[in-house]
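Values below: all heavy atoms of this structure, side chains included; hydrogens, waters and symmetry mates excluded. Note on naming: letters A, B, ... go to the chains in the order of the sequence lines (proteins, then strands), and numbering restarts at 1 for each one.
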Number of protein chains: 2
Amino acid sequence: MPQTTDTARRITRVTSFDVAEEAGVSQSTVSRALAGDTSISEPTRQRVIAAAARLNYQVNENAARLRRGKTGTLAVVMICRAGQDRKDLNPFYFALLGSTCAAASARGYEVLVSFQDSAENFWGHYEERRKADGMIVIGTSENTPAWEYFGQLDPATNWVCWGAPSDAFPWVRSDNEAGAALAVRHMLVRGYERIVCLGSETSPQRQFKERYDGYASAMRDAGREPVLQRIERGLPREEQGRRAAAALAESGQPFDSIFAVSDEIALGALKELAGRGYGIPDQIGIVGFDGVRAGAWSTPPLTTIESDFETAGALLVERLLAAMAGEPETPRRVPVRLVVRGSTRP
Amino acid sequence: MPQTTDTARRITRVTSFDVAEEAGVSQSTVSRALAGDTSISEPTRQRVIAAAARLNYQVNENAARLRRGKTGTLAVVMICRAGQDRKDLNPFYFALLGSTCAAASARGYEVLVSFQDSAENFWGHYEERRKADGMIVIGTSENTPAWEYFGQLDPATNWVCWGAPSDAFPWVRSDNEAGAALAVRHMLVRGYERIVCLGSETSPQRQFKERYDGYASAMRDAGREPVLQRIERGLPREEQGRRAAAALAESGQPFDSIFAVSDEIALGALKELAGRGYGIPDQIGIVGFDGVRAGAWSTPPLTTIESDFETAGALLVERLLAAMAGEPETPRRVPVRLVVRGSTRP
DNA sequence: TTGTAAGCGTTATCAG
DNA sequence: CTGATAACGCTTACAA
């Protein structure tokens, strides 16, 4: 019996027609009963449900979707750095993916996930292909080609994104200004007097400007003048941090603490300053921004500002569904919190 | 013009019929030309492709799938601990999810992801609903109800899993024995003489037994007698590690190093022994297994055995596709590597 | 090489 | 409240 094996491995194919026969009703009644249509009498519904259970019937979603014209699915595109080891992906993105899936599922949607990193695999025609009703793009602003690609999609596309480099995108984003203010106040409370910001107000990265702005106004609120030590463009973040810290140390500018607009910059600065013999956190305090994984490994581990990824996922989904429904606005700012570790003194 | 806004936000609906008209051919020719059917003449194909491009045509996948009877999709179910914060999920699982998506996409499949944690949301009828052609379940063996649920699905279901507690599941797994041997040899090389295993040979966790077995035979190969310090059942892993270490210290059994069958157990032991004044790694060396995130945070950071998650994702997909094709066997063991950190001496 | 026509299994619109 | 009967948009025999 050679065929038997193959047959055994096939999932049975039961249609609504079979259920109709089993329950002694019409096919459309089956559809309505199972969909919870209120016009079906309770006895009939029960009969149908029982028949469906007996036959182990499950709706063929493809047929249903074809007919309905909706997929009940959201696409999530994870943008990676080209050629980057997946393991090095910021764990925040993974957590965000998880909470996005959870939020989608809470709203009755499935999630189709794809990882994209370069021109060969950029793809966002989920709606046109009727694979999904909308799209969420999660990625680092660094991957410029990716954002160019997604920026040029049909303007009618329903989508939201995390990590977009510019305001022209339908973004959801951390509350960067509040986070920066949190960092500044923390440093002030811990007794640091001269806080310098390592960053840029002209970076294409929207976030960086927002973080600097938050820093600057928190400083002014505290009656202090903001000081910006600019990072050089076109270098790896950690290197930017190193160099900016070196430049700061050599400038003669008095400082006793650093607020860096990203964790990687903070980590670079931390290494540079520790290498120059500064005691951290006693002599110099450092606070980063992002809650990147490596921050926990450093010596001392990095105090940082972290976004609430649970809320982030929920906001992404809410905003996308609102866009799909043609509703104009929902919140796009995700709350942040301070994670105190070892790079600021107790 | 109130309606206009809504219309503008709708993705255009172009069918193969429209393309056929535009190109002056029949609908089936369009389908064949776009699918790369060799029976279509090159000029015709070009005409069709041009017409499709002009109209911005994209295949409606639902219709295609309904007709074909296949979905071109794999489902990935991530099993979480019920009520556990997603952030605390072992980052290995996220990395595994990523590499699984990549491997699936390399084989031309989409990936439908869902996070499930308790009876209310366990669900595995992807094939019956024609939502996916097969399923990959990734999860911690701890979530017993989840494995019970998935174990009771239709035996014809095409699926593979990572983290299954028993051999009865279609598993793919780390090369636990090789990993344990790696750990033992590392400790021997670093000059530890009396290596005790913290674990169990009777745990429902298949992995634990395999790791113990690997430890035991590596010890015998080195002419040493294996010593097992059993963990107590039904406690949190870290607590198991603590207690086992305490019991070991008080037993009078001579030891200078510990191989724990999981990182969390190792971490518990590390804390317990450090608390009792043992110097780590000088007096006592400790090696864990899993590459768990917290291991990098501990003082000293934990030396451990890590699985190659890139290969893991690829193997999961390979094995699933083979099962779907009715082919019997593909490799199910994922290679491991030693990550030397600070809990073993240099 | 291309066209015709028959479904795939639903949901939704009409009647009754 | 329920039953016929059209679509939904594609792929694939079967003809030509």
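With sequence neighbours left out, the side-chain hydrogen bond (donor to acceptor under 3.5 Å, both in side chains) criterion links T73(B) to R65(B). Looking at residues two or more places apart in sequence or on another chain, you find no side-chain hydrogen bond (donor to acceptor under 3.5 Å, both in side chains) involving S105(B). Under the rule for a salt bridge (charged side-chain N to carboxylate O under 4.0 Å, His left out), R32(A) has no partner lying at least two apart in sequence or in another chain. E120(A) is linked by a side-chain contact (heavy atoms from CB on, under 4.5 Å) to S118(A), counting only residues two or more places apart in sequence or in another chain. Scanning for side-chain hydrogen bond (donor to acceptor under 3.5 Å, both in side chains) contacts around R173(A) gives D167(A), E210(A), with sequence neighbours left out. Taking the side-chain hydrogen bond (donor to acceptor under 3.5 Å, both in side chains) definition, one finds that S39(A) meets it with D37(A), sequence neighbours left out. Shown here are the ring pair (Phe, Tyr, Trp, His ring centres under 6.0 Å) partners of F122(A), two or more places apart in sequence or in another chain: Y149(A). Partners of R129(B) by salt bridge (charged side-chain N to carboxylate O under 4.0 Å, His left out), not counting sequence neighbours, listed by chain and number: E61(A).
Note that R332(B) lies in the cation-pi zone of W171(B), set by a 6.0 Å cut-off to the ring centre and a 45° limit from the axis.
Within the helix from dT1(C)-dA16(D) to dG16(C)-dC1(D), the inter-axis angle between the opening and closing five-pair segments is 30°, rounded to 10°.
Along DNA chain C, read 5' to 3', the first and last nucleotides having any atom under 4.0 Å from a heavy atom of chain A are dG9(C) to dT13(C).
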Which side-chain N or O atoms in residues 316-330 of chain A pair as donor and acceptor under 3.5 Å with protein atoms at least two apart or in another chain?
unit_1	atom_1	unit_2	atom_2	d
E318(A)	OE1	R107(A)	NH1	2.6
E318(A)	OE2	R107(A)	NH1	2.9
R319(A)	NH1	T330(A)	OG1	3.1

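Contacts of S39(A) with the nucleic acid, taken as non-hydrogen atoms under 4.0 Å apart, include base atoms.
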**Study point:** Where protein sits on nucleotides 4-11 of chain D, one letter per nucleotide: B base, S sugar-phosphate only, - none, heavy atoms under 4.0 Å
**Key:** B-BBBBBB
